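Before any comments, here is the structure.
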Protein chains: 2
Amino acid sequence: MNKQARKPDSGGGGESRLPAHELIYRQLRDQILFGDLAPGQAVTIQGLTDRLGAGMTPVREAIRRLIAEGALEFQGNRRVSVPLLSADNISEIIVARQWLDPHLALRATERISLEELDELTEMDATLDRAIEQGDLRAYLELNYRFHKRLYEIADAPILADLADGLWLRFGPSLRVVCGRMGTQNLPDKHKDMLAAMHARDAERAARAIREDVIQGMEQVRRSFELPVASF
Amino acid sequence: MNKQARKPDSGGGGESRLPAHELIYRQLRDQILFGDLAPGQAVTIQGLTDRLGAGMTPVREAIRRLIAEGALEFQGNRRVSVPLLSADNISEIIVARQWLDPHLALRATERISLEELDELTEMDATLDRAIEQGDLRAYLELNYRFHKRLYEIADAPILADLADGLWLRFGPSLRVVCGRMGTQNLPDKHKDMLAAMHARDAERAARAIREDVIQGMEQVRRSFELPVASF
DNA sequence: GCGCCCAGAATATGATCAAATTATTTCTTG
DNA sequence: CAAGAAATAATTTGATCATATTCTGGGCGC
(Lines give C-alpha, C1' and ligand atoms only; values in the text may rest on other atoms or scores of the structure.)
Protein backbone atom coordinates (compact mmCIF):
# COMPACT_ATOMS: atom_id res chain seq x y z
CA MET A 1 0.00 0.00 0.00
CA ASN A 2 2.25 2.79 1.12
CA LYS A 3 5.64 3.02 -0.46
CA GLN A 4 6.97 6.12 1.27
CA ALA A 5 9.84 4.17 2.81
CA ARG A 6 11.56 4.83 -0.52
CA LYS A 7 12.94 8.30 -0.93
CA PRO A 8 14.10 9.78 -4.24
CA ASP A 9 17.69 8.97 -3.25
CA SER A 10 19.16 11.85 -5.18
CA GLY A 11 22.73 10.67 -4.74
CA GLY A 12 24.38 8.12 -6.96
CA GLY A 13 21.92 5.48 -8.03
CA GLY A 14 19.22 7.85 -9.20
CA GLU A 15 19.26 6.17 -12.61
CA SER A 16 17.11 3.30 -11.41
CA ARG A 17 14.17 5.67 -11.03
CA LEU A 18 13.77 6.23 -14.72
CA PRO A 19 10.38 5.35 -16.18
CA ALA A 20 10.05 2.01 -17.87
CA HIS A 21 9.48 3.45 -21.34
CA GLU A 22 12.77 5.30 -21.05
CA LEU A 23 14.64 2.14 -20.06
CA ILE A 24 13.03 0.14 -22.85
CA TYR A 25 13.91 2.89 -25.28
CA ARG A 26 17.57 2.90 -24.31
CA GLN A 27 17.78 -0.86 -24.37
CA LEU A 28 16.23 -1.08 -27.82
CA ARG A 29 18.32 1.79 -29.07
CA ASP A 30 21.53 0.10 -27.99
CA GLN A 31 20.42 -3.13 -29.57
CA ILE A 32 19.83 -1.32 -32.84
CA LEU A 33 23.07 0.64 -32.71
CA PHE A 34 25.49 -2.08 -31.71
CA GLY A 35 23.82 -5.31 -31.33
CA ASP A 36 21.35 -7.81 -32.11
CA LEU A 37 18.89 -6.27 -34.53
CA ALA A 38 19.80 -6.74 -38.17
CA PRO A 39 18.58 -4.56 -41.05
CA GLY A 40 15.26 -5.78 -42.37
CA GLN A 41 14.45 -7.67 -39.23
CA ALA A 42 10.82 -7.44 -38.16
CA VAL A 43 10.00 -6.05 -34.75
CA THR A 44 6.74 -6.91 -33.06
CA ILE A 45 5.32 -5.24 -30.02
CA GLN A 46 4.24 -8.43 -28.39
CA GLY A 47 7.56 -10.04 -29.17
CA LEU A 48 9.31 -7.26 -27.30
CA THR A 49 6.99 -7.40 -24.32
CA ASP A 50 7.95 -11.05 -24.01
CA ARG A 51 11.65 -10.65 -24.75
CA LEU A 52 12.13 -7.67 -22.46
CA GLY A 53 9.61 -8.74 -19.87
CA ALA A 54 7.84 -5.40 -19.99
CA GLY A 55 4.30 -4.17 -20.30
CA MET A 56 2.75 -3.22 -23.58
CA THR A 57 2.45 0.53 -23.14
CA PRO A 58 6.14 1.29 -22.46
CA VAL A 59 7.15 -0.85 -25.41
CA ARG A 60 4.73 0.95 -27.69
CA GLU A 61 6.04 4.33 -26.64
CA ALA A 62 9.65 3.30 -27.13
CA ILE A 63 8.84 2.03 -30.61
CA ARG A 64 7.04 5.24 -31.57
CA ARG A 65 10.03 7.20 -30.48
CA LEU A 66 12.45 5.06 -32.45
CA ILE A 67 10.24 5.28 -35.53
CA ALA A 68 10.23 9.06 -35.26
CA GLU A 69 14.02 9.01 -35.10
CA GLY A 70 14.30 6.80 -38.17
CA ALA A 71 15.74 3.89 -36.23
CA LEU A 72 12.71 1.80 -37.02
CA GLU A 73 10.40 1.85 -39.99
CA PHE A 74 6.64 1.65 -40.11
CA GLN A 75 5.92 -0.75 -42.95
CA GLY A 76 2.38 0.21 -43.85
CA ASN A 77 0.29 -2.62 -42.45
CA ARG A 78 1.01 -2.07 -38.78
CA ARG A 79 4.32 -3.81 -39.28
CA VAL A 80 7.53 -2.43 -37.86
CA SER A 81 11.05 -3.40 -38.85
CA VAL A 82 14.64 -2.26 -38.84
CA PRO A 83 15.08 -0.26 -42.07
CA LEU A 84 16.93 -1.78 -44.98
CA LEU A 85 18.98 1.05 -46.43
CA SER A 86 19.59 1.44 -50.13
CA ALA A 87 22.86 2.65 -51.59
CA ASP A 88 21.15 5.98 -52.21
CA ASN A 89 20.18 6.24 -48.56
CA ILE A 90 23.78 5.63 -47.56
CA SER A 91 24.87 8.35 -49.96
CA GLU A 92 22.46 10.75 -48.32
CA ILE A 93 23.87 9.95 -44.91
CA ILE A 94 27.39 10.38 -46.22
CA VAL A 95 26.66 13.80 -47.61
CA ALA A 96 24.93 14.85 -44.41
CA ARG A 97 27.67 13.61 -42.12
CA GLN A 98 30.30 15.11 -44.37
CA TRP A 99 28.84 18.44 -43.52
CA LEU A 100 27.58 17.91 -39.97
CA ASP A 101 30.52 16.18 -38.36
CA PRO A 102 33.21 18.62 -39.49
CA HIS A 103 31.00 21.52 -38.50
CA LEU A 104 30.55 20.10 -35.03
CA ALA A 105 34.25 19.25 -34.75
CA LEU A 106 35.05 22.82 -35.63
CA ARG A 107 32.82 24.15 -32.91
CA ALA A 108 34.16 21.59 -30.47
CA THR A 109 37.74 22.65 -31.12
CA GLU A 110 36.84 26.22 -30.22
CA ARG A 111 35.21 25.17 -26.98
CA ILE A 112 36.95 22.07 -25.69
CA SER A 113 38.75 22.20 -22.33
CA LEU A 114 41.96 20.38 -21.55
CA GLU A 115 40.13 17.94 -19.30
CA GLU A 116 37.74 17.10 -22.09
CA LEU A 117 40.65 16.65 -24.49
CA ASP A 118 42.21 14.17 -22.07
CA GLU A 119 38.87 12.41 -21.82
CA LEU A 120 38.65 12.02 -25.59
CA THR A 121 42.26 10.85 -25.79
CA GLU A 122 41.53 8.24 -23.17
CA MET A 123 38.44 7.10 -25.06
CA ASP A 124 40.46 6.76 -28.24
CA ALA A 125 43.07 4.64 -26.47
CA THR A 126 40.35 2.29 -25.23
CA LEU A 127 39.03 2.21 -28.77
CA ASP A 128 42.44 1.12 -30.06
CA ARG A 129 42.55 -1.71 -27.58
CA ALA A 130 39.15 -2.92 -28.76
CA ILE A 131 40.36 -2.91 -32.37
CA GLU A 132 43.50 -4.87 -31.49
CA GLN A 133 41.48 -7.47 -29.70
CA GLY A 134 39.05 -7.71 -32.60
CA ASP A 135 36.12 -6.89 -30.33
CA LEU A 136 33.58 -5.63 -32.83
CA ARG A 137 30.83 -4.79 -30.41
CA ALA A 138 33.20 -2.77 -28.23
CA TYR A 139 34.57 -0.97 -31.28
CA LEU A 140 31.12 0.04 -32.45
CA GLU A 141 30.09 1.28 -29.05
CA LEU A 142 33.31 3.13 -28.25
CA ASN A 143 33.55 4.72 -31.66
CA TYR A 144 29.98 5.93 -31.32
CA ARG A 145 30.59 7.30 -27.85
CA PHE A 146 33.70 9.09 -29.04
CA HIS A 147 31.83 10.92 -31.75
CA LYS A 148 28.84 11.55 -29.50
CA ARG A 149 31.06 13.09 -26.85
CA LEU A 150 32.46 15.34 -29.54
CA TYR A 151 28.95 16.43 -30.45
CA GLU A 152 28.22 17.29 -26.84
CA ILE A 153 31.35 19.39 -26.54
CA ALA A 154 30.38 21.34 -29.65
CA ASP A 155 27.53 22.75 -27.57
CA ALA A 156 24.97 22.79 -30.37
CA PRO A 157 22.14 20.58 -29.16
CA ILE A 158 20.01 20.72 -32.28
CA LEU A 159 22.85 19.94 -34.68
CA ALA A 160 24.03 17.23 -32.30
CA ASP A 161 20.55 15.71 -32.39
CA LEU A 162 20.67 15.60 -36.17
CA ALA A 163 24.07 13.91 -36.20
CA ASP A 164 23.04 11.50 -33.48
CA GLY A 165 19.94 10.53 -35.41
CA LEU A 166 22.05 9.60 -38.41
CA TRP A 167 24.01 7.08 -36.34
CA LEU A 168 20.76 5.43 -35.43
CA ARG A 169 19.95 5.08 -39.12
CA PHE A 170 23.16 3.57 -40.38
CA GLY A 171 24.07 1.69 -37.20
CA PRO A 172 22.62 -1.67 -38.21
CA SER A 173 24.20 -1.50 -41.67
CA LEU A 174 27.55 -0.49 -40.21
CA ARG A 175 27.49 -3.51 -37.99
CA VAL A 176 26.79 -5.84 -40.88
CA VAL A 177 29.59 -4.37 -42.97
CA CYS A 178 32.12 -4.42 -40.16
CA GLY A 179 31.09 -7.94 -39.32
CA ARG A 180 32.02 -8.97 -42.85
CA MET A 181 35.34 -7.14 -42.82
CA GLY A 182 36.66 -7.70 -39.35
CA THR A 183 38.24 -4.98 -37.26
CA GLN A 184 41.47 -4.69 -39.20
CA ASN A 185 41.24 -1.78 -41.62
CA LEU A 186 38.81 0.34 -39.70
CA PRO A 187 39.23 4.06 -40.10
CA ASP A 188 40.74 5.97 -37.25
CA LYS A 189 41.67 9.55 -37.97
CA HIS A 190 40.98 10.32 -34.36
CA LYS A 191 44.61 10.90 -33.51
CA ASP A 192 45.00 13.48 -36.26
CA MET A 193 41.94 15.23 -34.97
CA LEU A 194 43.04 15.19 -31.34
CA ALA A 195 46.41 16.62 -32.32
CA ALA A 196 44.70 19.38 -34.28
CA MET A 197 42.48 20.14 -31.33
CA HIS A 198 45.48 20.35 -29.07
CA ALA A 199 46.96 22.90 -31.45
CA ARG A 200 43.56 24.67 -31.54
CA ASP A 201 43.57 24.27 -35.30
CA ALA A 202 39.85 23.97 -35.87
CA GLU A 203 40.08 23.71 -39.65
CA ARG A 204 42.50 20.82 -39.45
CA ALA A 205 40.38 19.05 -36.85
CA ALA A 206 37.35 19.42 -39.09
CA ARG A 207 39.28 18.01 -42.03
CA ALA A 208 40.47 15.03 -40.00
CA ILE A 209 36.93 14.19 -38.91
CA ARG A 210 35.74 14.58 -42.46
CA GLU A 211 38.25 12.01 -43.62
CA ASP A 212 37.29 9.70 -40.78
CA VAL A 213 33.65 9.93 -41.77
CA ILE A 214 34.32 9.47 -45.46
CA GLN A 215 36.55 6.47 -44.97
CA GLY A 216 34.10 4.72 -42.70
CA MET A 217 30.96 5.50 -44.63
CA GLU A 218 32.40 4.82 -48.07
CA GLN A 219 33.23 1.31 -46.95
CA VAL A 220 29.60 0.88 -46.07
CA ARG A 221 28.43 2.29 -49.36
CA ARG A 222 30.78 0.15 -51.42
CA SER A 223 29.53 -3.00 -49.79
CA PHE A 224 25.99 -1.97 -50.71
CA GLU A 225 26.78 -1.61 -54.38
CA LEU A 226 27.95 -5.21 -54.58
CA PRO A 227 25.41 -7.83 -55.56
CA VAL A 228 23.50 -8.72 -52.44
CA ALA A 229 24.90 -12.11 -51.65
CA SER A 230 22.40 -12.99 -48.97
CA PHE A 231 20.97 -16.29 -49.94
CA MET B 1 -18.93 -6.01 -20.80
CA ASN B 2 -19.15 -2.38 -21.80
CA LYS B 3 -18.48 -2.13 -25.47
CA GLN B 4 -20.72 0.76 -26.33
CA ALA B 5 -17.76 2.79 -27.54
CA ARG B 6 -18.20 1.56 -31.04
CA LYS B 7 -15.93 3.26 -33.60
CA PRO B 8 -16.63 6.97 -32.96
CA ASP B 9 -16.01 7.72 -36.64
CA SER B 10 -15.14 11.26 -35.75
CA GLY B 11 -15.83 13.82 -38.43
CA GLY B 12 -16.86 11.37 -41.07
CA GLY B 13 -13.63 11.90 -42.98
CA GLY B 14 -12.77 9.30 -45.56
CA GLU B 15 -9.39 8.60 -43.96
CA SER B 16 -10.85 7.23 -40.77
CA ARG B 17 -8.95 4.03 -41.49
CA LEU B 18 -5.85 5.58 -39.96
CA PRO B 19 -5.12 4.68 -36.36
CA ALA B 20 -6.06 7.19 -33.72
CA HIS B 21 -2.50 7.84 -32.61
CA GLU B 22 -1.64 8.83 -36.16
CA LEU B 23 -4.56 11.25 -36.35
CA ILE B 24 -3.74 12.76 -32.97
CA TYR B 25 -0.13 13.11 -34.06
CA ARG B 26 -1.02 14.99 -37.23
CA GLN B 27 -3.47 17.21 -35.43
CA LEU B 28 -0.96 18.12 -32.75
CA ARG B 29 1.76 18.58 -35.29
CA ASP B 30 -0.30 21.04 -37.28
CA GLN B 31 -1.21 22.91 -34.14
CA ILE B 32 2.47 23.24 -33.29
CA LEU B 33 3.52 24.22 -36.80
CA PHE B 34 0.86 26.77 -37.62
CA GLY B 35 -1.47 27.23 -34.86
CA ASP B 36 -2.43 27.40 -31.38
CA LEU B 37 0.50 26.20 -29.34
CA ALA B 38 2.89 28.94 -28.30
CA PRO B 39 6.54 28.45 -27.31
CA GLY B 40 6.88 27.65 -23.64
CA GLN B 41 3.30 26.50 -23.34
CA ALA B 42 2.80 23.46 -21.15
CA VAL B 43 1.19 20.37 -22.62
CA THR B 44 -0.49 17.83 -20.39
CA ILE B 45 -1.65 14.41 -21.41
CA GLN B 46 -4.96 14.71 -19.68
CA GLY B 47 -5.51 18.14 -21.07
CA LEU B 48 -5.13 16.72 -24.57
CA THR B 49 -7.37 13.73 -23.95
CA ASP B 50 -10.07 16.20 -22.96
CA ARG B 51 -9.40 18.77 -25.67
CA LEU B 52 -9.15 16.25 -28.48
CA GLY B 53 -11.71 13.86 -27.10
CA ALA B 54 -9.34 10.92 -27.40
CA GLY B 55 -8.12 8.11 -25.25
CA MET B 56 -4.97 8.29 -23.22
CA THR B 57 -2.81 5.77 -25.05
CA PRO B 58 -2.95 7.41 -28.50
CA VAL B 59 -2.20 10.79 -26.97
CA ARG B 60 0.80 9.41 -25.12
CA GLU B 61 2.19 7.90 -28.30
CA ALA B 62 1.71 11.08 -30.29
CA ILE B 63 3.51 13.06 -27.59
CA ARG B 64 6.44 10.64 -27.49
CA ARG B 65 6.78 10.96 -31.21
CA LEU B 66 6.73 14.74 -31.13
CA ILE B 67 9.27 14.79 -28.32
CA ALA B 68 11.57 12.58 -30.36
CA GLU B 69 11.25 15.00 -33.27
CA GLY B 70 12.07 17.98 -31.10
CA ALA B 71 8.62 19.50 -31.50
CA LEU B 72 7.96 19.06 -27.80
CA GLU B 73 10.32 19.05 -24.87
CA PHE B 74 10.43 16.76 -21.88
CA GLN B 75 11.08 19.04 -18.94
CA GLY B 76 12.52 16.53 -16.49
CA ASN B 77 9.70 16.14 -14.00
CA ARG B 78 7.05 14.50 -16.14
CA ARG B 79 6.30 17.89 -17.65
CA VAL B 80 6.01 18.42 -21.36
CA SER B 81 5.97 21.76 -23.13
CA VAL B 82 6.56 23.49 -26.43
CA PRO B 83 10.28 24.35 -26.48
CA LEU B 84 11.40 27.90 -25.90
CA LEU B 85 14.26 28.45 -28.32
CA SER B 86 17.29 30.53 -27.48
CA ALA B 87 19.03 32.80 -29.96
CA ASP B 88 21.77 30.16 -30.16
CA ASN B 89 19.23 27.51 -31.04
CA ILE B 90 17.92 29.69 -33.83
CA SER B 91 21.47 30.17 -35.09
CA GLU B 92 21.93 26.42 -35.21
CA ILE B 93 18.77 26.03 -37.23
CA ILE B 94 19.88 28.79 -39.58
CA VAL B 95 23.22 27.19 -40.23
CA ALA B 96 21.59 23.81 -40.80
CA ARG B 97 18.92 25.11 -43.16
CA GLN B 98 21.48 27.20 -44.98
CA TRP B 99 23.11 23.98 -45.97
CA LEU B 100 20.16 21.58 -46.19
CA ASP B 101 17.67 23.65 -48.17
CA PRO B 102 20.02 24.67 -50.99
CA HIS B 103 21.28 21.11 -51.25
CA LEU B 104 17.75 19.80 -51.59
CA ALA B 105 16.82 22.56 -54.04
CA LEU B 106 19.80 21.60 -56.14
CA ARG B 107 18.74 17.99 -56.27
CA ALA B 108 15.16 19.00 -56.95
CA THR B 109 16.20 21.11 -59.92
CA GLU B 110 17.90 18.12 -61.45
CA ARG B 111 14.85 15.93 -61.02
CA ILE B 112 11.75 18.10 -61.27
CA SER B 113 9.24 17.48 -64.04
CA LEU B 114 7.32 20.19 -65.84
CA GLU B 115 4.10 19.14 -64.11
CA GLU B 116 5.75 19.48 -60.74
CA LEU B 117 7.12 22.87 -61.71
CA ASP B 118 3.61 24.01 -62.59
CA GLU B 119 2.41 22.64 -59.28
CA LEU B 120 5.00 24.65 -57.35
CA THR B 121 4.20 27.77 -59.37
CA GLU B 122 0.55 27.35 -58.53
CA MET B 123 1.35 26.91 -54.86
CA ASP B 124 3.42 30.08 -54.88
CA ALA B 125 0.56 32.03 -56.45
CA THR B 126 -1.78 30.88 -53.72
CA LEU B 127 0.88 31.90 -51.22
CA ASP B 128 0.97 35.39 -52.69
CA ARG B 129 -2.77 35.74 -52.31
CA ALA B 130 -2.52 34.77 -48.64
CA ILE B 131 0.15 37.42 -48.08
CA GLU B 132 -1.94 40.08 -49.79
CA GLN B 133 -4.91 39.25 -47.65
CA GLY B 134 -2.78 39.29 -44.52
CA ASP B 135 -3.83 35.73 -43.68
CA LEU B 136 -0.99 34.66 -41.41
CA ARG B 137 -2.14 31.14 -40.78
CA ALA B 138 -2.55 30.48 -44.49
CA TYR B 139 0.86 31.99 -45.21
CA LEU B 140 2.57 29.76 -42.65
CA GLU B 141 0.87 26.64 -43.92
CA LEU B 142 1.34 27.35 -47.63
CA ASN B 143 4.95 28.41 -47.23
CA TYR B 144 5.66 25.21 -45.33
CA ARG B 145 3.93 23.08 -47.91
CA PHE B 146 5.87 24.78 -50.70
CA HIS B 147 9.19 23.94 -49.12
CA LYS B 148 8.05 20.48 -48.13
CA ARG B 149 6.98 19.73 -51.69
CA LEU B 150 10.42 20.82 -52.81
CA TYR B 151 11.99 18.37 -50.35
CA GLU B 152 9.88 15.56 -51.74
CA ILE B 153 10.89 16.32 -55.29
CA ALA B 154 14.55 16.23 -54.30
CA ASP B 155 14.04 12.49 -53.75
CA ALA B 156 16.29 12.25 -50.70
CA PRO B 157 14.06 10.97 -47.92
CA ILE B 158 16.59 11.09 -45.12
CA LEU B 159 17.74 14.63 -45.86
CA ALA B 160 14.12 15.66 -46.31
CA ASP B 161 13.34 14.25 -42.88
CA LEU B 162 16.10 16.33 -41.36
CA ALA B 163 14.86 19.51 -43.01
CA ASP B 164 11.27 18.74 -42.12
CA GLY B 165 12.21 18.21 -38.48
CA LEU B 166 13.75 21.65 -38.34
CA TRP B 167 10.44 23.24 -39.35
CA LEU B 168 8.82 21.54 -36.42
CA ARG B 169 11.38 23.10 -34.11
CA PHE B 170 11.19 26.69 -35.25
CA GLY B 171 7.53 26.66 -36.25
CA PRO B 172 6.14 28.07 -33.01
CA SER B 173 8.77 30.80 -32.87
CA LEU B 174 8.19 31.70 -36.50
CA ARG B 175 4.54 32.16 -35.83
CA VAL B 176 5.21 34.47 -32.90
CA VAL B 177 7.62 36.59 -34.90
CA CYS B 178 5.36 36.84 -37.93
CA GLY B 179 2.45 37.64 -35.68
CA ARG B 180 4.36 40.64 -34.41
CA MET B 181 5.40 41.83 -37.85
CA GLY B 182 2.39 41.20 -39.98
CA THR B 183 2.57 39.66 -43.42
CA GLN B 184 4.07 42.63 -45.21
CA ASN B 185 7.80 42.16 -45.57
CA LEU B 186 7.85 38.40 -45.62
CA PRO B 187 10.59 36.84 -47.71
CA ASP B 188 9.65 35.34 -51.02
CA LYS B 189 12.50 34.40 -53.27
CA HIS B 190 10.34 31.64 -54.63
CA LYS B 191 9.90 33.28 -58.01
CA ASP B 192 13.66 33.57 -58.52
CA MET B 193 13.98 29.93 -57.64
CA LEU B 194 11.19 28.79 -59.94
CA ALA B 195 12.72 30.74 -62.81
CA ALA B 196 16.09 29.13 -62.16
CA MET B 197 14.47 25.71 -62.09
CA HIS B 198 12.78 26.40 -65.39
CA ALA B 199 16.19 27.23 -66.82
CA ARG B 200 17.57 24.07 -65.17
CA ASP B 201 20.13 26.24 -63.43
CA ALA B 202 20.53 24.25 -60.23
CA GLU B 203 23.17 26.50 -58.72
CA ARG B 204 21.01 29.57 -59.12
CA ALA B 205 17.99 27.79 -57.68
CA ALA B 206 20.05 26.75 -54.68
CA ARG B 207 21.25 30.32 -54.20
CA ALA B 208 17.70 31.66 -54.36
CA ILE B 209 16.49 29.22 -51.73
CA ARG B 210 19.46 30.06 -49.57
CA GLU B 211 18.51 33.72 -49.64
CA ASP B 212 14.91 32.88 -48.90
CA VAL B 213 15.97 30.86 -45.86
CA ILE B 214 18.40 33.46 -44.62
CA GLN B 215 15.95 36.32 -44.95
CA GLY B 216 13.21 34.49 -43.13
CA MET B 217 15.31 32.97 -40.39
CA GLU B 218 17.36 36.08 -39.70
CA GLN B 219 14.17 37.97 -38.96
CA VAL B 220 13.40 35.35 -36.37
CA ARG B 221 16.86 35.52 -34.87
CA ARG B 222 16.89 39.30 -34.69
CA SER B 223 13.65 39.33 -32.78
CA PHE B 224 15.20 36.90 -30.29
CA GLU B 225 18.16 39.10 -29.56
CA LEU B 226 15.89 41.89 -28.43
CA PRO B 227 15.02 42.00 -24.74
CA VAL B 228 12.20 39.58 -24.26
CA ALA B 229 9.30 41.91 -23.77
CA SER B 230 6.71 39.28 -22.92
CA PHE B 231 5.38 40.18 -19.49
C1' DG C 1 10.04 27.43 8.40
C1' DC C 2 9.61 22.41 8.22
C1' DG C 3 7.44 18.28 7.51
C1' DC C 4 3.27 15.64 6.44
C1' DC C 5 -0.72 14.82 3.72
C1' DC C 6 -3.68 15.12 -0.16
C1' DA C 7 -5.13 16.17 -4.88
C1' DG C 8 -4.01 15.61 -9.39
C1' DA C 9 -1.32 14.10 -13.13
C1' DA C 10 1.60 10.63 -15.24
C1' DT C 11 3.00 5.83 -15.52
C1' DA C 12 1.96 1.15 -16.21
C1' DT C 13 -1.06 -3.15 -16.50
C1' DG C 14 -4.23 -6.22 -18.44
C1' DA C 15 -8.38 -6.95 -20.85
C1' DT C 16 -10.79 -6.66 -25.06
C1' DC C 17 -11.75 -5.82 -29.86
C1' DA C 18 -10.25 -5.62 -34.65
C1' DA C 19 -7.37 -6.74 -38.38
C1' DA C 20 -4.12 -9.49 -40.78
C1' DT C 21 -1.29 -13.17 -41.69
C1' DT C 22 -0.93 -18.07 -41.70
C1' DA C 23 -2.64 -22.65 -41.97
C1' DT C 24 -6.08 -25.72 -43.47
C1' DT C 25 -9.59 -27.41 -46.13
C1' DT C 26 -12.10 -28.06 -50.09
C1' DC C 27 -13.18 -27.61 -54.76
C1' DT C 28 -11.99 -27.47 -59.40
C1' DT C 29 -9.32 -28.90 -63.30
C1' DG C 30 -5.89 -31.28 -66.12
C1' DC D 1 -6.22 -39.21 -58.97
C1' DA D 2 -3.19 -35.46 -58.07
C1' DA D 3 -2.05 -30.63 -57.89
C1' DG D 4 -3.03 -25.95 -57.48
C1' DA D 5 -5.96 -22.21 -56.21
C1' DA D 6 -9.50 -20.10 -53.69
C1' DA D 7 -11.97 -19.76 -49.56
C1' DT D 8 -12.33 -20.27 -44.80
C1' DA D 9 -10.86 -21.10 -40.11
C1' DA D 10 -7.42 -20.15 -36.54
C1' DT D 11 -3.80 -17.87 -34.48
C1' DT D 12 -1.07 -14.04 -33.97
C1' DT D 13 -0.52 -9.16 -33.45
C1' DG D 14 -1.87 -4.31 -33.12
C1' DA D 15 -5.00 -0.65 -31.19
C1' DT D 16 -7.59 1.15 -27.65
C1' DC D 17 -9.54 1.73 -23.23
C1' DA D 18 -10.54 1.43 -18.18
C1' DT D 19 -8.29 1.06 -14.17
C1' DA D 20 -4.77 0.62 -10.69
C1' DT D 21 -0.47 2.48 -9.04
C1' DT D 22 3.21 5.80 -8.39
C1' DC D 23 5.06 10.14 -8.29
C1' DT D 24 5.19 15.38 -8.07
C1' DG D 25 3.79 19.63 -6.10
C1' DG D 26 1.25 22.47 -3.19
C1' DG D 27 -1.49 23.30 0.94
C1' DC D 28 -2.06 22.82 5.88
C1' DG D 29 -0.91 22.20 10.56
C1' DC D 30 2.71 22.41 13.95
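Here the structure is a predicted model, which means the values were calculated and not measured. Convention: sequence-line order gives letters A, B, ...; per-chain numbering from 1.
- With DNA chain C read from its 5' end, the first of the two nearest nucleotides for A:Pro19 and A:Gln46 is the one closest to A:Pro19.
- The CE atom of A:Met56 sits 12 Å away from the C1' atom of D:dT12 (whole-angstrom rounding).
- A salt bridge is defined here as a Lys NZ or Arg NE, NH1 or NH2 lying under 4.0 Å from an Asp or Glu carboxylate O, and B:Arg221 with B:Glu218 meets this definition.
- With respect to A:Asp164 and A:Lys148, a salt bridge is recorded, a charged nitrogen being found less than 4.0 Å from a carboxylate O.
- A:Ala87 meets the side chain to side chain contact (heavy atoms under 4.5 Å, CB included) test with A:Phe224, A:Glu225; sequence neighbours excluded.
- As rounded to whole Å, 14 Å separates atom C1' of D:dG14 from atom CG of A:Asp50.
- The phosphate of C:dA19 has neither OP1 nor OP2 within less than 4.0 Å of any side-chain N or O from A:Arg79.
- Note: CD1 (A:Ile24) to C1' (C:dT11) measures 13 Å, nearest angstrom.
- In this structure, the CZ atom of A:Arg51 is 16 Å from the C1' atom of D:dT13, given to the nearest Å.
- Between the CD1 atom of A:Ile45 and the C1' atom of C:dA18 there is a distance of 14 Å, given to the nearest Å.
- In this structure, A:Arg78 does not reach the D:dT12 phosphate: none of its side-chain N or O atoms is under 4.0 Å from OP1 or OP2.
- Atom pair A:Glu61:CD and D:dT16:P shows a separation of 13 Å (rounding to whole Å applied).
- Base contact: A:Arg60 has a heavy atom under 4.0 Å from a base atom.
- Among the protein residues, B:Thr57 comes within range of the nucleic acid bases, having at least one heavy atom under 4.0 Å from a base atom.
- Between B:Glu152 and B:Arg149 there is a salt bridge, since a side-chain N of the basic residue sits under 4.0 Å from a carboxylate O of the acidic one.
- Summarising the geometry, the separation between CG on B:Leu23 and P on D:dA15 is reported as 12 Å, rounded to the nearest angstrom.
- Atom-to-atom, CD of A:Glu22 to P of C:dA12 comes out at 10 Å; the value is rounded to the nearest Å.
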